[in-house]
Amino acid sequence: VEALAIDSADNLYVGGRFYEAGTGKSDCNCIVKWDPINQTWSNIGKGVDVSIFSMAINSGTLFVGGQLHEAHQADGSTMSISNIVAWDFASETWIPMGRALNDKALALALDKDGNLLCGGIFSIAGGMVSPFFAKYLVSASTKGAGIVHNPPAPYPKKPKASAQYLPFGKDKASHKN
């Protein structure tokens with residue numbers, strides 16, 4: 001298990017790299033829902049492939065990120081995806097998120113307007129250069145699929161080679177080399 005999310009009805013969504021949940025619940029492919037009222041596990045479509053690392057929920061959509069290449073619908077059909085996908089609660093179907101990401105989505109969050117923020121080890125989002133971070137502008141007309149927007153610079157940067165390591169409890173003024 002790598003990711004957890006709870007909807008407004010207190011259902012728990014569990015994602016990761018697993019294929020069974022609970023007693024006798026198999027064929028769940030990396031994601032399941034726990035219903036606390038009925039005390040049951042259920043599939044989300046027929047799941048996704050490889051591994052889920054992150055999830056976020058707005059009122060009508062469960063967003064799922066990770067190392068993902070295929071989403072499996074309840075009817076058995078499969079769609080190609082690129083590391084991020086949306087589950088529409090109303091239609092109970094997976095919705096692709098456009099050209100998406102060229103590598104793993106490790107973190108998902110929603111801003112105050114319901115737009116999806118995504119962090120990961122990708123460098124391209126929606127066909128645009130967007131190292132490590134992308135913002136999906138979510139609207140009702142896209143049913144949660146969104147439009148990718150890459151944020152303005154500065155992007156998160158790796159530490160410089162000349163950065164100084166300071167042991168825990170030390171500050172720069174008191175640390176001697």
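Here the structure is a predicted model, which means the values were calculated and not measured.
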What's the shortest heavy-atom distance between [X] and [Y], and which atoms?
| X | Y | result |
| --- | --- | --- |
| Cys30 | Val50 | SG-O, 3.4 Å |
| Trp34 | Pro36 | O-CD, 3.4 Å |
| Phe53 | Ala105 | CB-O, 3.7 Å |
| Gly45 | Trp94 | CA-NE1, 4.2 Å |
| Ala125 | Ala134 | CB-CB, 3.6 Å |
| Tyr136 | Met97 | CD2-CE, 3.4 Å |

Return the [atom1] to [atom2] distance between [X] and [Y], rounded to the nearest 0.5 Å.
| X | Y | atom1 | atom2 | answer |
| --- | --- | --- | --- | --- |
| Glu70 | Met79 | CD | CE | 10.5 Å |
| Asp88 | Thr93 | CG | OG1 | 5.0 Å |
| Ser82 | Lys104 | OG | NZ | 13.5 Å |

Review point. Would you call the rings of Tyr13 and Phe89 parallel, tilted or perpendicular if under 30° counts as parallel and over 60° as perpendicular?
Key: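 The arrangement is tilted - the two ring planes meet at 30° to 60°.
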
Any side-chain heavy atom of [X] within less than 4.5 Å of one from [Y]?
| X | Y | result |
| --- | --- | --- |
| Leu62 | Met55 | yes |
| Arg17 | Glu2 | no |
| Phe122 | Asn83 | no |
| Leu106 | Ser54 | no |
| Val14 | Leu4 | yes |
| Tyr19 | Asn29 | yes |
| Ile84 | Phe63 | no |
| Leu116 | Leu108 | yes |

Backbone N/O of [Y] and side chain of [X]: donor-acceptor pair under 3.5 Å:
| X | Y | value |
| --- | --- | --- |
| Asn11 | Lys33 | no |
| Asn58 | Thr61 | yes |
| Asp7 | Ala9 | yes |

Apply side-chain contact (heavy atoms from CB on, under 4.5 Å) to residues Ile31 and Trp87 and explain how you reach the verdict. CA-CA 11 Å; Ile31 187 168; Trp87 174 256; over 6 Å; no

Val32-Ile52 co-clustered via ILVMFWY side chain contacts under 4.5 Å: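 No.
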
When Leu101, Leu68, Ile95 are each screened for side-chain contact (heavy atoms from CB on, under 4.5 Å) with Ile81, the one that passes is Leu68

Side-chain donor-acceptor pair under 3.5 Å between Ser123 and Asn102, yes or no?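 Per modelled atom types, Ser123 and Asn102 side chains form a pair under 3.5 Å.
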
Any carboxylate oxygen within less than 4.0 angstrom of a Lys/Arg side-chain nitrogen, looking at Asp111 and Lys135?
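A salt bridge is present here (some side-chain N lies under 4.0 Å from a carboxylate O).
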
**Report entry** Derivation and outcome, side-chain contact (heavy atoms from CB on, under 4.5 Å), residues Val129 and Ile124
**Finding:** CA-CA 5 Å; Val129 174; Ile124 304 291; 4.1 Å; yes

